[in-house]
Protein chains: 2
Amino acid sequence: MVVETDLSDAEVDRIFRALADATRRDILRRTTESEASVSALAATYDMSFAAVQKHVTVLADAGLVTKKAQGRERLVCANPAQIARARALLDQYERLWRSRIDRLDDLLAEDAQQ
Amino acid sequence: MVVETDLSDAEVDRIFRALADATRRDILRRTTESEASVSALAATYDMSFAAVQKHVTVLADAGLVTKKAQGRERLVCANPAQIARARALLDQYERLWRSRIDRLDDLLAEDAQQ
DNA sequence: AGTTTCTACAACCATTTGGTTGTACGTTAC
DNA sequence: GTAACGTACAACCAAATGGTTGTAGAAACT
């Protein structure tokens, strides 16, 4: 699967920073399984509603989730496209690594011929 | 490719936190292409040697790079296995998403039958 | 031996982060 | 209409982050 990765440094910063917290990763996991209101999410964490609200904001600013109003609730929905972009960024490093290995293999092959 | 992901929350925190900085991502990219000493890395960034040294420490604490002594230099080497683990974590979210879609498809199929 | 180079590490500072409480406002329920 | 619920947001605080400078030690060069 090919994923577009035209993201600015600041956007990538926000994505990985958002992922660098266990509570936020759990929110992402839960909303990936099924959307949930902020208060429904908050009910299961040992912290204030406001704290969970801030975590959701961090995820939303990173584009990893979206919020849609439904009555007085705000439903939090995961955005798998953004998760895929983050994964694609890590893929790039692995491709770099592989191309480096390939170059080393080429060098070894040349040495073997000489 | 199957990748082991038996990482604690704190370890995952460190990995994504380390990735949440453009300078550190650039160091990771460069050391993935080929190993480099800390001072060689520092020479190309518009900040002090000590600052770059700290960035390398953050990457090393996350397991994304290793340092090996060579004379008075410390060669920084990327650790592709750890990068792969981070990628595998993001894969999990995408798998979750896909299984959710599959469940929705099943529900729609049931509705269609009724 | 003396100097330079590379690294380590401490101390310090400004800003950000992750949490709190309190207040206010729109929506739902009685 | 009023009470309860869900959310938004500001103000505040402790701790972590990302930078600096300075000092010191180990390795290499002359």
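So that the names make sense, note that chain A is the first sequence line, chain B the second, and so on, each numbered from 1.
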- Query: How close or far is atom P of dT17(D) from atom CG of Asp13(B), stated in whole angstroms?
  - Reply: 10 Å

- Answer with base, sugar-phosphate or nothing: what part of the nucleic acid does Thr23(B) contact at a heavy-atom distance below 4.0 Å? nothing

- Given atom CG of Leu19(A) and atom C1' of dT17(C), what is their separation to the nearest angstrom? 16 Å

- Query: CD1 of Ile27(A) versus P of dG19(C): gap in Å, rounded?
  - Reply: 10 Å

- Item | dT7(D) OP1/OP2 closer than 4.0 Å to side-chain N/O of Ser39(A) | yes

- From CZ of Phe49(B) across to C1' of dC9(C) the rounded distance in Å is 11 Å

- When the distance from CE of Met47(A) to P of dC13(D) is rounded to whole Å, what number comes out? 21 Å

Please produce a list of atom pairs where a protein N or O lies less than 3.5 Å from an N or O of nucleotides 28-30 of chain C.
none

- Query: Among dA8(D), dG18(D), dA8(C), which nucleotide sits nearest the side chain of Arg24(B)?
  - Reply: dG18(D)

- Val38(B) side-chain proximity, nearest of dT21(D), dT7(C), dG18(D): dT7(C)

- Task: With the side chain of Ser48(B) defined as its heavy atoms from C-beta on, choose the nearest nucleotide among dT20(D), dT20(C), dT7(D).
- Result: dT20(D)

- By nearest-heavy-atom nucleotide on DNA chain C, the more 5' of Leu75(B) and Asp21(A) is Leu75(B)

- Which pair of non-hydrogen atoms, one from Glu11(A) and one from Asp6(A), has the smallest distance, and what is that distance? OE1-O, 4.3 Å

- May I have the distance from Asp61(A) (atom CG) to dA8(D) (atom P), rounded to whole angstrom? 12 Å

- Query: Are Arg87(B) and Asp91(B) close enough for a salt bridge, meaning some N to O gap below 4.0 Å?
  - Reply: yes

- Note on the structure: From the candidates dG19(D), dG18(C), dT7(C), the one with an atom nearest any side-chain atom of His55(A) is dG18(C)

- Checking dG19(D), dT20(C), dT7(C) against the side chain of Ala50(A) (C-beta onward), the nearest is dT20(C)

- Query: Arg25(B) versus Phe16(A): any side-chain heavy-atom pair under 4.5 Å?
  - Reply: yes

- Query: For Gln53(A) and dA8(D), what is the distance between atoms CD and P respectively, to the nearest whole Å?
  - Reply: 5 Å

- Item | Shortest side-chain distance from Lys54(A), nucleotide among dC6(C), dT7(D), dG19(C) | dG19(C)

- Task: Compare side-chain N and O positions of Lys67(B) against OP1 and OP2 of dT7(C) and report whether any pair is under 4.0 Å apart.
- Result: no

- Message: Please tell me if Arg74(B) has a side-chain N or O lying less than 4.0 Å from either OP1 or OP2 of dA8(C).
- Response: yes

